[in-house]
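Shown next, in structure tokens, is the structure this report addresses.
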Amino acid sequence: MTLALYNTMTRNKESFKPLRTDRVLMHSCGPSVHDVPHIGTHRRFVLADMIMRYLELKGFTVVHEINIIDMADNSVKGATRARMDVEHYTRQYIEAFLKDMAILNVSEDIHYPRASRHVEAMIDLAQKLVEKGYAYEKLHSVYFDISRLDNYGSLSNIDLSRVRHRKTVDQDDYEKDSPVDFTLFKRATLEELKQGIFYKTRWGNVRPSWHLECAAVAWKNLGDTYDIHLSGSDIIFPHCENVMAIGTAACESNPARFWLNAELVMRDGKKMSRSLSNTFTIEELAAKGYTGREIRYFLLSSHYRKPLNFSFAALDTAANTVKRLDNFIQRLIKYVPGPGTGGEIDQLIYDLKQGFMISMDDDLNVSGALATVFAFVKTVNLAISEHRPDEREQRAILDVMRTIDDVLGVMNFKEQHLDKDIELLLEERDRARNRKDWKESDRIRDELSKRGIMIQDTPEGTVWTSRK
RNA sequence: GGCGGCAUAGCCAAGGGGCUAAGGCAGCGGUCUGCAAAACCGUUAUUCCCCGGUUCGAAUCCGGGUGCCGCCUCCA
């Protein structure tokens, strides 16, 4: 079974084959670090993580980097405003970002190269472009001459002669030959020179652009050509287009074979973004009681090429759905084996694996894959209610769920440990129930619920689940 | 104005020429339970934004509308 991915480049689903049969090189456009990150941008990182996990399930070794843009205008401006050096200023947001990634259960195998550590590669790349005539220096800034590149615009399908560039933001600050040319290195301002925020190059004292940073990080770490470039649909133009232009011009081939672009998180019909002040951070959602797994499920559970509407109702739905999976897993862990189903469970497991992979292979159709998972959960729940699976089957069910979760990353297989005081409450409640003191046992149940422990009394004793 | 995309139940969301239009959430009725919870069973779209066309057959293909979103600017 091969994975088909929608390639923005060709506007078609294509079957995915990496350059080297056993290894996938993957670059995801990372965050710029100048503020606390929000879930609008996290969607594509969670997606990036899921793609990596799915490729690993399919047997590939994946080298995956999410670059950190720690020297863009925002970071410099923010640092100046905060009267901090850029390094110091960005560090706090890098840490916040990495903390969010951990909360969202993003794989620890992902690399997070920082743009500021790749300045030499940027200079090398720009030098190559100048030598080849794709870039020019003007008044100590370096620009990419897009008229030199025949296929410029082919990723975003843009026709530059029809584009409105009257508002091109850097029109005032720059002296480009053509307003559509984009900046590779920008002459440092007086203020930046004073603060030492610049790099000495043959062209002058400069700072790199976002596009060059992204292109150089990927080029340095992954080489001239890599397999997947993942980004957001909102930055196909100009960012991805420009990254592609830099790579294509410098190395004479498209830097990425698959260009993937995740759709956005919306809030009340508008893109969730800082400029609209409609963002939510992980911390804010955590304060309202939502867990990383719940947020991850929300971000992951619908197709990545469709906009995702954020609402608390939608988050609650995600939370309830995760709870359903938790109940299933905890019930399985605590299940006391029965006589066996004579192959029925094995068949269900086979169907689940097949169904899951068929959906995921179709451009990561998570909704379809989840439908298969829930169909499985339902049938197995029934078998468990009837007390039929034996120990081997019980283990096999848990194993297949783990395999699924190696991709999804939203389940909890820990046999949860209890705090001592909660354990005591459970014992106390057992005693109360034994003497049929319902008032006391209900009081304890409420108390436990307040602490996030949900109780289910089964014929085999009390089963509990924790939300965390 | 240019380019790209979306519209399926109360909400979310798959499917994409003919099989009962997946699945999740919420609701309702039941089984179980001391009561709950969880789980299970049943139930909730004769119909897929509208109008035409192609076809034996359209939610699915084609044409035309309508509404919404993204990018071309900050955000990323």
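Chain letters run A, B, ... following the sequence lines, proteins first and then strands; every chain starts at 1.
B/G52 sits 40 Å from B/U73 when the C1' atoms are compared, rounded to a whole Å. On the C1' atoms, B/U54 is 7 Å away from B/C62, given to the nearest whole Å. Rounded to whole Å, the C1' atom of B/U60 lies 9 Å from the corresponding atom of B/C48.
In this structure A/E95 satisfies the side chain to side chain donor-acceptor pair (under 3.5 Å) test with no other residue, sequence neighbours excluded. Partners of A/H27 by side chain to side chain donor-acceptor pair (under 3.5 Å), not counting sequence neighbours, listed by chain and number: A/E65. Applying the side chain to side chain contact (heavy atoms under 4.5 Å, CB included) rule to A/V119 yields the partners A/M71, A/I123, A/Y199; only residues at least two apart in sequence or on another chain are considered. Remark: A/A319 pairs with A/E294, A/R467 by the side chain to side chain contact (heavy atoms under 4.5 Å, CB included) rule, at least two apart or across chains. Listed by chain and number, the residues in a salt bridge (charged side-chain N to carboxylate O under 4.0 Å, His left out) with A/R53 are A/D49 (sequence neighbours excluded). Taking the salt bridge (charged side-chain N to carboxylate O under 4.0 Å, His left out) definition, one finds that A/R114 meets it with A/D70, A/E87, sequence neighbours left out. Scanning for ring-ring contact (aromatic ring centres under 6.0 Å, His included) contacts around A/F376 gives an empty result, with sequence neighbours left out. For the side chain to side chain donor-acceptor pair (under 3.5 Å) test, no residue two or more places apart in sequence or in another chain qualifies with A/Q354.
Separating the CH2 atom of A/W210 from the P atom of B/C74 is a distance of 9 Å, rounded to the nearest angstrom.
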**Message:** What does the 5'-to-3' dot-bracket notation of RNA chain B look like when only Watson-Crick and G-U wobble pairs under 3.5 Å count, and pairs to other strands show as |?
**Reply:** (((((((..(((.....[....))).(((((.......))))).....(((((..]....))))))))))))....

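Using a 4.0 Å heavy-atom criterion, one finds that A/I455 contacts the bases of the nucleic acid, with or without backbone contacts as well. No engagement by A/H42 is indicated, since no non-hydrogen atom pair under 4.0 Å with the nucleic acid exists. Residue A/H239 is classed as having no contact, given no heavy-atom separation below 4.0 Å to the nucleic acid. At the heavy-atom level, A/R305 lies nowhere under 4.0 Å from the strands shown. At a threshold of 4.0 angstrom between heavy atoms, the contacts of A/G269 are confined to the sugar-phosphate backbone, with no base atom among them. If you check every strand for non-hydrogen atoms under 4.0 Å, A/S441 touches a base.
Counting atom types as modelled, A/R445 pairs a side-chain N or O with a base atom of B/A36 as donor and acceptor under 3.5 Å.
Applying the 4.0 Å criterion to OP1 and OP2 of B/G15, one finds that A/N365 has a side-chain N or O inside that range. Taking 4.0 angstrom as the limit, A/N157 places a side-chain polar atom (N or O) nearer than this to OP1 or OP2 of B/G4. For B/C75, one of the phosphate oxygens OP1 or OP2 lies less than 4.0 angstrom from a side-chain nitrogen or oxygen of A/N74. Between A/K271 and B/C71, a side-chain N or O to OP1/OP2 separation shorter than 4.0 Å is present. Within the structure, a side-chain polar atom (N or O) of A/K306 is placed less than 4.0 Å from OP1 or OP2 of B/A14.
Checking A/R429 against A/A371, the closest nucleotide of RNA chain B that is more toward the 5' end is the one next to A/A371. For the pair A/Y6 and A/W438, both in contact range of RNA chain B, the more 5′-proximal nearest nucleotide belongs to A/Y6.
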Identify all side-chain donor-acceptor contacts of residues 305-314 of chain A below 3.5 Å with residues at least two apart in sequence or on another chain.
{"unit_1": "A/R305", "atom_1": "NE", "unit_2": "A/D363", "atom_2": "OD2", "d": "2.9"}
{"unit_1": "A/R305", "atom_1": "NH2", "unit_2": "A/D363", "atom_2": "OD2", "d": "2.7"}
{"unit_1": "A/S311", "atom_1": "OG", "unit_2": "A/A314", "atom_2": "N", "d": "3.0"}

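Between A/F45 and A/F97, a ring centre-to-centre spacing shorter than 6.0 Å is recorded.
For the atom pair CG of A/L57 and CG of A/D406, the computed distance is 7.0 Å after rounding to the nearest 0.5 Å.
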Mind listing the N/O atom pairs, protein and nucleotides 25-28 of chain B, below 3.5 Å?
{"unit_1": "B/C25", "atom_1": "O3'", "unit_2": "A/N320", "atom_2": "ND2", "d": "3.2"}
{"unit_1": "B/C25", "atom_1": "O2'", "unit_2": "A/T317", "atom_2": "OG1", "d": "3.3"}
{"unit_1": "B/A26", "atom_1": "OP1", "unit_2": "A/N320", "atom_2": "ND2", "d": "3.2"}

With 3.5 Å as the limit, what N/O pairs link the protein to nucleotides 41-43 of chain B?
{"unit_1": "B/C41", "atom_1": "OP2", "unit_2": "A/K378", "atom_2": "NZ", "d": "3.3"}

